[in-house]
Amino acid sequence: MNDPLQDPRFFADPYPTYARLRNAAPVQKVPTGSGGRYSFVVTGYAEAREAFNDPRLSKNTARFFAGRPSQRDLHPAVSQNMLATDPPQHARLRGLVTKAFTTGAVARLRPYIAGLVDELLDAWPDHGPVDLVESLAVPLPVTVICEMLGVPEVDRRLVRTWSGDLFAAGDSTRIDAASHAVAGYMTDLVAARRGSPGESLLDDLIAVRDGQDKLTEDELVSLAVLLLVAGHETTTNFIGNAALALLQHPESLARLRAEPQLLGNALDELLRFDSPVGIATFRYSTEALTLGGTVIPEGVPVLIAPGAANRDPDRFPAPDQLDLDRGATGHLAFGHGIHRCLGAPLARAEGELALRAVISRFADVRLAAPAEELAWRHTRLMRGLTTLPLIV
């Protein structure tokens with residue numbers, strides 16, 4: 001059996017594969033790469049939610065790969081970040097940045113985000129073709145997180161390039177090179193901000209490192225790199241996926257145009273319907289356990305699939321239908337438990353303001369190409385479009 005999560009058809013539309021796997025068993029063993037290696041993939045909603053909360057599924061990648069031969073050269077700032085830690089280290093690191101992403105903190109950012117959305121949409125043509133990914137879904141969250149971290153405007157295009165390269169599935173040389181480039185850049189930026197401090201989130205982290213000794217220098221750089229990259233990748237996919245879903249469901253689009261106050265609640269259904277994260281980041285079993293009736297031995301990778309769980313009919317009836325009236329607040333698009341996406345409030349705000357503006361400003365917006373011809377990113381981790389060509 002080949003790895004079903006590496007089939008080219010999977011990247012274009014993963015949901016038939018997810019359904020087949022889930023129908024066979026909500027937790028099952030699948031081959032991974034070559035050499036007889038394997039993982040367990042979790043596709044059922046109840047099982048995914050349970051797995052997200054199970055402390056026997058560790059995210060400590062450094063411990064898992066210690067002593068294993070590897071030809072990879074990922075920079076430690078990328079391979080050993082906060083996402084790849086367990087308690088208590090995880091709680092310590094997360095606690096240092098949580099306040100910047102609370103609902104209240106994000107509410108204070110909304111006027112800035114709305115103004116940025118308007119600025120980006122002002123550059124769209126009055127009539128003609130435009131790529132929503134390139135001209136809105138990418139620059140909006142990149143600009144916001146760079147502004148929060150104090151990344152100079154002149155460097156933001158480099159950030160976009162490195163981030164894209166980090167998710168270049170199947171091209172390990174490119175990924176490794178990008179990891180060193182972004183880590184080196186952040187190391188230099190930390191040094192520059194020390195010499196000329198400001199009021200950014202990065203300045204706050206530097207102050208913690210230098211004044212309270214709660215953060216090592218390596219942890220500081222790693223945390224900054226994680227915020228920089230994770231702070232926009234998921235949101236880019238969310239905006240693109242949600243826009244496509246609405247364009248493919250004109251009745252839902254028309255309803256939101258007529259009743260814009262529904263958009264806030266509709267975000268959960270859009271996140272559920274085509275989740276921006278297909279497979280959650282790495283976990284492995286620290287001891288044998290049983291999940292969904294399947295025995296998982298000690299020391300093997302476990303892949304939790306929010307994209308599959310959010311289409312589980314046992315939790316969401318008629319899951320392949322976009323239903324704006326559905327109560328979808330329990331979706332797992334942002335994960336669950338202690339590792340739930342820190343930036344979820346920011347992603348929601350950016351998605352809401354971007355979609356609201358496009359819907360209200362462009363009454364005749366439509367796809368410029370058949371949906372089946374659209375190009376998707378070739379990574380099982382992220383579910384996102386490379387382009388979304390529109391006619392406005």
Enclosure of Q89 CD (heavy-atom neighbours >12, cutoff 6.0 Å): yes
Whether over 12 other heavy atoms sit under 6.0 Å from Q261 CD: yes
Heavy-atom pair with the smallest gap, counting every atom of V392 and P125: CG2-O, 3.4 Å
Any salt bridge linking R348 with D268? Criterion: basic side-chain nitrogen under 4.0 Å from a carboxylate oxygen. yes
Mark yes or no for whether S179, through its side chain, and H75, through its backbone, hold a donor-acceptor pair below 3.5 Å. yes
The side chain to side chain contact (heavy atoms under 4.5 Å, CB included) partner of L201 among I206, L223, L149, L96 is L149
Can you tell me if R92 has over 12 outside heavy atoms packed within less than 6.0 Å of its CZ? yes
State the NE2-CD1 distance between H336 and I304, to the nearest 0.5 angstrom. 10.5 Å
Verify, without hydrogens or angle tests, whether R160 (side chain) and P139 (backbone) share a donor-acceptor contact under 3.5 angstrom. no
Going only through I, L, V, M, F, W and Y residues with side-chain contacts under 4.5 Å, is there a path from L291 to L5? no
Same cluster for V78 and F64 if Ile/Leu/Val/Met/Phe/Trp/Tyr side chains link at under 4.5 Å? no
Going by an N to O cut-off under 4.0 Å, is there a salt bridge joining E269 and R272? yes
The test is salt bridge (charged side-chain N to carboxylate O under 4.0 Å, His left out); show your working for E352 and R110 and say whether it passes. CA-CA 10 Å; E352 177 193 343; R110 284 180 68 94; 3.3 Å; yes
For D3, is there an ion pair with R380 - N to carboxylate O distance below 4.0 angstrom? yes
In terms of heavy-atom contacts, G240 and L388 come closest through O-CD2, 3.7 Å
Is it true that atom CD of E199 has more than 12 heavy atoms of other residues, nucleotides or ligands lying nearer than 6.0 Å? no
Restricting to non-hydrogen atoms, name the atom on L346 and the atom on F101 that form the minimum distance, rounded to 0.1 Å. CD2-CE2, 3.9 Å
Side-chain (Q28) to main-chain (L21) donor-acceptor, under 3.5 angstrom: yes
Where do Y15 and D320 land on the side chain to side chain donor-acceptor pair (under 3.5 Å) test, with the steps shown first? CA-CA 9 Å; Y15 298 107; D320 297 329; over 6 Å; no
Would R283 and D54 pass as an ion pair if we require N to O under 4.0 Å? no
Would you say V229 ends up clustered with L226 if hydrophobic residues are merged whenever their side chains have heavy atoms under 4.5 Å apart, either directly or through other cluster members? yes
Think R311 forms a cation-pi with F273, using NZ or CZ under 6.0 Å from the six-ring centre and within 45 degrees of its axis? yes
Treating N241 as the side-chain partner and D274 as the backbone partner, does any N or O pair qualify as donor plus acceptor under 3.5 Å? yes
Is there a donor-acceptor pair under 3.5 Å between the side chain of S163 and the backbone N or O of V159? no
Just say parallel, tilted or perpendicular for the rings of F10 and Y18, cut-offs at 30° and 60°. perpendicular
Check: D131 main-chain N/O paired with E134 side-chain donor or acceptor under 3.5 Å: no
Given 3.5 Å as the limit, does a donor-acceptor pair link the side chain of T286 with the main chain of R56, or not? yes
Heavy atoms only: give me the nearest R255-L324 pair and the separation to one decimal. NH1-CB, 4.3 Å
Any sub-3.5 Å donor-acceptor pair from T234's side-chain atoms to P276's backbone N or O? no
Under 3.5 Å donor-acceptor, S196 side chain and R193 backbone: no
Before accepting this row, confirm whether a basic side-chain N of the pair D204/K99 lies closer than 4.0 Å to the acidic partner's carboxylate O. no
Mind checking whether L140 and T235 have side chains closer than 4.5 Å, heavy atoms only? no
Judged by atom type as modelled, is there a donor-acceptor pair below 3.5 Å linking the side chain of R383 to the main-chain atoms of S275? no
Short N-O contact, R361 and D122, less than 4.0 angstrom: yes
